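Working notes, beginning with the structure itself.
This is a predicted model, so every value here is computed, not measured.
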Amino acid sequence: SGIWAQTAGTTNVTVNSGVTVSGPTAITLGGAGGNTLVVNGTLNSTTAGTSGYVLAPGAGPLTLTVGAAGAINGPLTFGAGADTFTNNRTAGFTQSGTIDFGAGADTFNTSTTFTQNAAITFGDGNDTVNNTGVFNATGTTDFGAGTDTFNNGTTGTGAVAGTLNAFSGATFTNLEAFNNNAGLIDLRDGATGDILNLGGANYTATGGARLGIDVGGGANLTSDRLVYGGTTTGVTTILPTFLTGSAIIDTTGALVVEA
C-alpha cells in the first residue's frame, strides 16, 4: 500500500491537486472510528478490477469526497457503516466500475455531472441520493432494504434543481421515495421508448418539477415513459419533443406516466 493510515480513532487522508497515488492498493484506511478520504488529485490501482483504496478489517465508516480536480479509477467499495460519497468534480465523475455502498444508512451527494456506467448497490440502511447536478442514469441502481430516497434537487431557501437523464432507460429497485424537487427528469434523446422505472417508489413533485419526453410514431403516437408503483403527489409539467413525422392529433394518445 502506498499510504497506510490506521488508528483506533479517525483517519484523515487528502490527495492534493496534481498528486497521483498509484499501486496495487494505493491507500489503505483503517480508522476504527471512521475514515475521511478527500481526492483532489488522482487515485489509481495497478490491480485490475480494483480502485485505489481499500478499507482494512475493522475500519469504520468512510466519507469519500472527489474534489474539483479529483479522479478515482476503478470500482468504489464502502463498508458496513453510515458511509458518504460526494462528487464535486468540476468536469464530472464517470463511473469506471461498480459502486457498492454496503450495509448502513449511506448517502450519495452529487453536485456536478455524474455518469453511471455500471451497477450501483446499497445495503440494508435508510439510504439517500441527493442530486443537485446532472445525474446520467443507465442500467440498475439497487437501493436494498430500508427506507430509501432519491432527491432530484433540493427544497427551501437557496433550493437547487437537479437533472436526471435516462436516455437509454434506467431502473431503480427497492426505492421507497422519489422527490422531484423543482428538478427535471429528461428522457429526450431523439427516439421514443426510453423508460425510467422507479419500481414501487412514491413520487412527489414540488416547485415546478418537469418531465421531458420524446413523442413519435406517426398516426399512432408512442413516447418515453416514467414508471412507478407508488403514490403521486404534486404537479409535474410535461415537456414533449415531437419527432419528425409525429401526428399532432391522436385520439388514442400515448402513455407517458405509468403509476
Side-chain angles (χ1 to χ4, degrees), residues 75-76 78 82-85 87 95 98-110 114-155 161-189 191-207 209-214 222-239 254-259:
L76 306 181
F78 296 81
D83 305 300
T84 299
F85 173 37
N87 166 41
Q95 199 178 343
T98 58
I99 299 178
D100 184 357
F101 281 92
D106 302 311
T107 302
F108 177 22
N109 305 308
T110 178
F114 174 81
T115 299
Q116 181 180 7
N117 280 335
I120 300 174
T121 305
F122 292 87
D124 59 4
N126 298 332
D127 307 305
T128 303
V129 175
N130 298 309
N131 174 41
T132 54
V134 176
F135 193 116
N136 295 315
T138 188
T140 300
T141 298
D142 185 353
F143 284 84
T147 302
D148 310 304
T149 304
F150 191 110
N151 294 312
N152 193 36
T154 60
T155 59
T163 297
L164 174 62
N165 296 326
F167 298 142
S168 299
T171 300
F172 294 168
T173 60
N174 297 308
L175 179 66
E176 280 67 45
F178 186 96
N179 299 319
N180 201 7
N181 299 321
L184 169 65
I185 298 173
D186 203 348
L187 307 179
R188 295 171 296 183
D189 62 349
T192 63
D194 301 317
I195 298 174
L196 175 60
N197 191 333
L198 304 179
N202 298 323
Y203 175 86
T204 299
T206 61
R210 293 150 294 148
L211 170 63
I213 57 167
D214 289 310
T222 60
S223 71
D224 302 319
R225 276 188 293 156
L226 171 64
V227 177
Y228 56 91
T231 59
T232 305
T233 304
V235 176
T236 301
T237 299
I238 305 298
L239 305 177
L255 182 62
V256 174
V257 176
E258 182 177 341

Note, [X] side chain near [Y] side chain (heavy atom, < 4.5 Å):
X    : Y    : answer
T154 : N130 : no
F78  : I99  : yes
F172 : Y228 : no
T141 : F108 : no
D148 : F122 : no

So, does [X] use its side chain to make a donor-acceptor pair with the main chain of [Y] at under 3.5 Å?
X    : Y    : value
D194 : R188 : no
N181 : G153 : yes
N136 : N165 : no
R210 : A182 : yes
N117 : Q95  : yes

Checklist entry - Does anything in residues 118-127 pair up under side chain to side chain donor-acceptor pair (under 3.5 Å), and if so which pairs, sequence neighbours excluded? => result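 Of all non-adjacent pairs touching residues 118-127, none passes side chain to side chain donor-acceptor pair (under 3.5 Å).
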Checklist entry - Looking at D83 and F101, what are the two nearest heavy atoms and their distance? => result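 It is OD2-O, 3.4 Å.
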Checklist entry - Parallel under 30°, tilted from 30 to 60°, perpendicular over 60°: which one fits the rings of F114 and F135? => result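 The rings of F114 and F135 sit tilted, inter-plane angle from 30° to 60°.
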Next on the checklist: Is it the case that the side chains of T171 and N197 hold a donor-acceptor pair, with the cut-off being a distance below 3.5 Å and no angle test?
Outcome noted: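 The criterion, which ignores hydrogens and geometry beyond distance, is not satisfied for T171 and N197.
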Checklist entry - When L211 is tested against each of T236, L239, D186 for side chain to side chain contact (heavy atoms under 4.5 Å, CB included), which residue passes? => result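 Result: among T236, L239, D186, T236 is the only option passing the side chain to side chain contact (heavy atoms under 4.5 Å, CB included) with L211.
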Next on the checklist: Taking side-chain hydrogen bond (donor to acceptor under 3.5 Å, both in side chains) as the criterion, tell me which of T231, N179, T149 meets it with N202.
Outcome noted: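 The single option meeting the side-chain hydrogen bond (donor to acceptor under 3.5 Å, both in side chains) with N202 is T231.
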Item to check | Atom pair OH/CG of Y203 and L198 - distance to nearest 0.5 Å | outcome: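 Rounded to the nearest 0.5 Å, the OH-CG separation comes out at 8.5 Å.
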Checklist entry - In Å, rounded to the nearest 0.5 Å, how long is the span from OG1 of T107 to CG of N109? => result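 Spacing of OG1 (T107) from CG (N109) equals 6.0 Å.
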